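Down below is the structure, laid out as C-alpha cells.
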Amino acid sequence: MSNSKRDTLSRFLSYVLRHKPDAIGLSLDGQGWISVEILLEKLAAHNHATTFAALAHVVKNNEKQRFAFNADRTMIRASQGHSVGIDLGYSPRIPPKVLFHGTVARFLSDIQRLGLTKQRRHHVHLSLDRKTAAKVGARRGTPVILEIAAAKMHADGIEFFCSENDVWLTDRVPPCYIVFP
Ligand code: HQG
C-alpha cells in the first residue's frame, strides 16, 4: 500500500472512529471500541476497502499513535479526539508541573476571558512539551504557546487524564492557570 493510500485510510479512520461512525453504519461501544471485523466490512461497503494488514500498519505507524487495538486485536478505537458521545474510560492521573497548549493569536482574547474550553471535543487537549504544542497550534496559523500550571490545577482539585498516546486531557483550564506569552 502506498504512503498516500495509508494517509487517506488514516484520515478516514479518524473521521469514522472519532466523529461520524454512522457515516458508514458503525456503532461504537461506550468506550469508543468497534470490532475490527465489522470495521473492515463497513469500510469495504463504503468504498474504502482495506485489509487487516493495512489497518495494523496504520495503527502501528501513525505519527501520533491515534488508534489502538485491544490486546487480541479484535477491537479498535481512536485513543482521543472524539466528538461523539463516548467515555474513553481513562483514570484520573497526576499531571506534570507544567503542560502546554498550542493555539493562534485570534483566539487569545476569548481564552483570556473564558480560559481554554473544549469546543467540539470531549476535553481540552494539552501537550507535554513546547514542540508538540507548537505543531498543534501550527494547524491554524502561527502558533502561540500557552503554559498551563497543571500541578496547581490538580492541587486545586481539577482532574486530568492522559490518553494512550500521551495527550493530557482536562475539562477546562480557567484563565488563572494560564501563562500568556
Ligand atoms: C481554541 C490534534 C476560543 C484552542 C492536535 C484550539 C491535538 C478557544 C481550538 C488535538 C477557547 C480547538 C486537539 C476559547 C480553546 N475561545 N478558542 N475559550 N478555548 N480554544 O482542534 O487543542 O490530529 O478542538 O486553542 O494535535 O487545537 O486530531 O483542539 O485552537 O492533539 O490527532 O479552540 O487535535 O490531534 O481546537 O487540538 P481543537 P486543539 P489530531
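Small disclaimer: the values here were computed from a predicted structure and weren't measured.
The hydrophobic cluster around L99 extends to V104, F107, L108, I111, L116, V124, L126, L128, V144, L146, I148, M153, I158, F160, W168, V173, Y177, I178, F180, counting ILVMFWY residues whose side-chain heavy atoms fall within less than 4.5 Å of a member.
In this structure, the separation between CD1 on I76 and CZ on F67 is 7.0 Å, given to the nearest 0.5 Å. Rounding to the nearest 0.5 angstrom, the gap separating the CG atom in N70 from the CE atom in M75 is 6.5 Å.
The minimum heavy-atom distance between I34 and S27, with the atom names listed, is CD1-O, 3.5 Å. Closest heavy-atom contact between P143 and A138: CB-N, 3.8 Å. Scanning all heavy atoms of the two residues, the minimum distance from P96 to A150 falls at O-CB, 3.3 Å. Of all heavy-atom pairs between R66 and S14, the closest is CD-OG, 3.7 Å. Contact between N62 and S10 at its shortest, heavy atoms only, is ND2-OG, 3.1 Å.
H154 is listed as a side-chain neighbour of I94, based on a closest heavy-atom distance under 4.5 Å. Annotation: side chain of L9 is not in contact with side chain of H48 (no heavy-atom distance under 4.5 Å). With contacts defined as side-chain heavy-atom distances shorter than 4.5 Å, the pair F161/P92 qualifies. Side-chain contact check for C162 versus R93: some heavy-atom pair is nearer than 4.5 Å. The shortest distance between side-chain heavy atoms of D22 and L26 does not fall below 4.5 Å. Looking at heavy atoms from C-beta onward, F52 lies out of side-chain contact with E37 at the 4.5 angstrom threshold.
Not a single donor-acceptor pair under 3.5 Å links the side chain of H57 to the backbone N or O of A53. Panel note: side chain Q65, backbone K60; a donor-acceptor pair is recorded below 3.5 Å. Formation of a donor-acceptor pair under 3.5 Å by the T8 side chain with backbone atoms of S4 is found in this model. Remark: the backbone N or O of A54 is not paired with any side-chain donor or acceptor of T50 at under 3.5 angstrom. Remark: the backbone N or O of V136 is not paired with any side-chain donor or acceptor of S127 at under 3.5 angstrom. The main-chain N or O of Q119 is never found under 3.5 Å from a side-chain atom of T117 such that the two would form a donor-acceptor pair.
Other residues, nucleotides and ligands contribute over 12 non-hydrogen atoms within 6.0 Å of the CG atom of D72.
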Notebook entry, point to check: So L13 and L39, side-chain contact (heavy atoms from CB on, under 4.5 Å) or not? Walk me through it.
Noted result: CA-CA 10 Å; L13 286 175; L39 174 65; 3.9 Å; yes
Next item on the list: Report the C-alpha separation of H46 and V16 in whole Å, then their side-chain angles, then the decisive distance to 0.1 Å, and conclude whether the side-chain contact (heavy atoms from CB on, under 4.5 Å) test is met.
Entry: CA-CA 12 Å; H46 291 81; V16 295; over 6 Å; no
Next item on the list: List the steps and the verdict of side-chain contact (heavy atoms from CB on, under 4.5 Å) for V167 and L169.
Entry: CA-CA 6 Å; V167 178; L169 308 168; 3.9 Å; yes
Listing, residues 77-85 side-chain donor-acceptor contacts under 3.5 Å, not counting sequence neighbours, or none:
from : atom 1 : to   : atom 2 : distance (Å)
R77  : NH1    : Q31  : O      : 2.9
R77  : NH1    : L88  : O      : 3.0
Q80  : OE1    : R18  : NH2    : 3.3
Q80  : OE1    : N165 : ND2    : 2.9
Q80  : NE2    : H125 : ND1    : 3.4
H82  : NE2    : L17  : O      : 3.3
S83  : OG     : H19  : ND1    : 2.7

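One side chain, D129 or T132, offers a donor N or O that lies under 3.5 Å from an acceptor on the other.
The side chain to side chain donor-acceptor pair (under 3.5 Å) contacts involving residues 97-111 comprise D110-R113, where partners must be two or more places apart or lie in separate chains.
In this structure, R130 pairs ionically with E147, as a charged nitrogen and a carboxylate oxygen lie closer than 4.0 Å.
Residues V58 and I38 share a hydrophobic cluster, clusters being chains of Ile/Leu/Val/Met/Phe/Trp/Tyr side chains in contact below 4.5 Å. In the hydrophobic clustering of ILVMFWY residues, with side-chain heavy atoms under 4.5 Å counting as a link, Y15 and V36 come out together.
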